[in-house]
Asker: 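Structure below; questions to follow.
Owing to the predicted nature of the structure, the values given are computational and were not obtained by experimental measurement. Sequence lines set the chain letters: A, B, ... in the order given, protein chains first and strands last, and positions in each chain run from 1.
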There are 2 protein chains.
Amino acid sequence: MEEPSASPRRVTIVDVARHAQVSTTAVSKVLRNAYGASPEMRAKVRRAIDELGYRPLAAARGLRGQTYTIGVMLPDIRNPFFPEILDGITGRLADTDYQVLLGPGCNGEKEEARITEALIDRGMDGLILVAPVSPGSHLEHLASVVPTVIVGRHGHSAAYDTVNDDDIAGAALVVGHLAELGHRRIAHIEHRETDPARLEEMPNAQRAEGYRRAMRSLGLAGEIDVVSTSYTPQGGLQGAKELLARPRRPTAVFAGADIVAMGVLEAFAEAGVCVPDDISVAGYDNTTFAALGPVSLTSVDQAGREIGENAARLLLERIADRNKPSVQVRLSPKLVPRRTTAEPRR
Amino acid sequence: MEEPSASPRRVTIVDVARHAQVSTTAVSKVLRNAYGASPEMRAKVRRAIDELGYRPLAAARGLRGQTYTIGVMLPDIRNPFFPEILDGITGRLADTDYQVLLGPGCNGEKEEARITEALIDRGMDGLILVAPVSPGSHLEHLASVVPTVIVGRHGHSAAYDTVNDDDIAGAALVVGHLAELGHRRIAHIEHRETDPARLEEMPNAQRAEGYRRAMRSLGLAGEIDVVSTSYTPQGGLQGAKELLARPRRPTAVFAGADIVAMGVLEAFAEAGVCVPDDISVAGYDNTTFAALGPVSLTSVDQAGREIGENAARLLLERIADRNKPSVQVRLSPKLVPRRTTAEPRR
DNA sequence: CGGGTGGTGGGTAACGTTTCCCAATGGTGG
DNA sequence: CCACCATTGGGAAACGTTACCCACCACCCG
């Protein structure tokens with residue numbers, strides 16, 4: 001009696017070698033485009049590969065050489081900004097042998113460490129970490145084990161490359177836009193940052209700092225009003241409620257991220273506050289959500305695709321030469337004014 | 001002269017064995033909770049593992065046994081419904097040794113095949129495919145190679161388990177709700193399905209079929225009006241424009257997915273059509289977007305978390321026993337009425 | 001004509017883990 | 001007291017691929 005679906009043993013490099021009447025070494029050389037194989041040999045081996053439908057097993061490759069796999073970690077799969085970055089990464093990697101795998105959403109330092117370790121254990125050739133919250137020392141450690149690119153986190157290291165958007169400038173764009181419309185009482189909702197070490201490195205902290213600086217430079221230092229919650233719709237909801245409870249309500253709210261603005265808009269709708277007639281609202285990230293008709297949220301565009309492309313490019317370069325000097329790429333944000341911001345009511 | 005950051009060789013099972021003064025076999029047994037190790041031995045080995053900070057290398061494990069990795073493929077990372085499923089999966093797997101990795105977004109059969117193959121090449125112990133578009137024969141092939149669970153696709157097989165929501169019933173909920181409000185001219189925007197083989201299996205086709213059946217059973221067969229586009233905001237935009245151009249405009253639109261409804265709402269806003277005063281709009285999936293204040297979209301809840309939990313559970317069972325009979329789980333949808341649906345204007 | 005030299009091809013030992021076996025021990029029932 | 005068994009431990013051969021090195025063959029140059 002035979003197993004009904006006894007999976008037929010996988011085709012290996014040995015089968016290919018036998019079929020093509022060459023050595024396994026030769027097949028391996030062809031697979032890796034390595035030196036030492038004549039054109040005729042290459043053609044013969046490739047034919048055998050096609051005829052047998054051979055596919056190299058990443059696990060076995062990883063034991064000696066590379067797995068041709070890049071691990072990507074996104075902090076929050078729900079934030080519609082991150083898929084843009086991912087598109088940029090996969091786009092840049094599309095015509096290489098590399099394949100991207102994603103670690104699933106994670107929140108918190110502990111979970112993040114678990115996932116980065118899992119990615120390393122699974123033999124990733126390189127890591128792209130988007131807005132990681134781990135302390136810099138841990139990032140350095142990771143980078144010493146495997147080529148790494150850090151996206152969306154300021155502060156740099158000789159061990160890894162970084163790709164960033166200028167969040168200080170982005171915040172200034174928003175504040176400038178609102179001030180130009182005539183607003184003075186401009187409030188900001190930030191993502192609470194407790195760790196002093198991260199205070200300078202995280203984009204959320206930079207946006208808050210950019211807000212403060214811009215307010216000061218416009219002579220609005222006295223109007224600075226920051227609410228600390230989190231970069232989630234719930235954070236926006238809560239922040240907006242706090243602002244509505246102020247004795248002197250702000251006339252404009254700069255939410256640190258579009259998903260925060262989502263919560264803000266919801267809170268205002270519930271409270272019967274009209275946007276932009278009663279209060280203007282601006283977000284950050286220019287997600288697809290912001291562009292949407294019924295929302296039409298003023299936001300800041302970060303060119304997520306470009307960020308991802310740069311990250312992938314730098315990672316490939318670092319995989320090729322692990323000792324190359326580290327690179328910092330900084331891109332510039334653009335304001336996208338829409339219908340949630342307008343002149344304040346007189 | 002020494003390398004500045006010459007990555008210190010990884011700790012292996014051999015190091016652990018030496019440190020604990022036992023054989024590598026013994027360490028392996030402890031790692032896998034296998035038979036043949038006394039409690040004292042286990043304690044001794046575990047101590048050595050902790051002291052050395054040993055972590056097993058998945059690639060090496062995969063060569064003989066398991067990699068303790070589950071591959072998940074989502075069709076569209078931008079559709080906010082899918083993270084719910086993912087949460088269910090990771091939740092169910094949280095206190096096991098298994099780790100989830102995601103294949104990045106894919107569209108089209110070819111891309112899907114590439115990613116599933118890449119996941120298999122990378123030694124996944126099991127696959128969870130969400131709403132795959134590949135032909136059934138390809139799914140059977142995959143399932144013969146590696147334990148597989150198919151989510152969100154009707155039609156079953158002895159080779160794999162399935163988890164579904166009853167899309168026919170869900171569509172009926174929406175149509176029933178709109179009819180009860182007094183609507184008769186209820187249109188539907190579907191995701192175009194060209195392949196006849198998939199016509200019965202894909203959720204989008206089932207929703208369209210459910211719409212038709214519900215219309216007929218309510219005596220509204222003459223009012224059936226289906227526009228075929230795609231499950232994207234752009235698809236909704238285009239579909240809505242087509243409907244607005246009808247000589248007799250519908251009074252209600254049932255979009256096959258919330259992201260489609262996003263586009264519909266945008267088109268209506270642009271055209272100055274008021275929702276729900278002029279036209280009612282309903283979606284499907286009950287995404288976080290639908291719940292949002294300024295949107296408040298009537299939708300159908302699919303219990304994505306529960307879907308994911310079931311998928312993960314079934315996959316673990318199938319990994320444990322590859323020859324167990326296949327299981328089909330079917331969950332029931334729930335209507336969530338919100339502010340985009342109302343009585344038609346007289 | 002001897003000895004480099006550059007272009008080919010292959011043999012073999014890793015890589016880190018698990019699986020398959022066998023050995024030793026001590027207890028147990030006939 | 002002998003066979004048998006259950007328990008505990010380890011040796012060694014896989015798993016599929018790549019890295020390292022050596023052999024061979026022309027060919028060219030002095």
Asker: Are any of the side-chain nitrogens in A/R9 or A/D15 under 4.0 Å away from the carboxylate oxygens of its partner?
Answerer: yes
Asker: Please report, rounded to the nearest Å, how far the C1' atom of D/dG9 is from the CZ atom of B/R42.
Answerer: 13 Å
Asker: Compare every heavy atom of A/Y54 with every heavy atom of A/V11, then report the nearest pair and how far apart it is.
Answerer: O-CD1, 3.3 Å
Asker: Please determine whether a side-chain nitrogen of the Lys or Arg among B/D87 and A/R78 lies less than 4.0 Å from a carboxylate oxygen of the Asp or Glu.
Answerer: yes
Asker: How many Å lie between CD on A/E40 and C1' on C/dG7, as a whole number?
Answerer: 12 Å
Asker: Taking NZ, NE, NH1 and NH2 as the nitrogens, is one of them in B/E40 or B/K44 under 4.0 Å from a carboxylate oxygen of the other?
Answerer: no
Asker: Please check this pair: side chain of B/R92 against backbone of B/N310, looking for a donor-acceptor N/O pair closer than 3.5 Å.
Answerer: no
Asker: Treating primed atoms plus P, OP1 and OP2 as sugar-phosphate and everything else as base, which nucleotides of nucleotides 10-17 of chain C get B, S or - for protein heavy atoms under 4.0 Å?
Answerer: BBB-BBBB
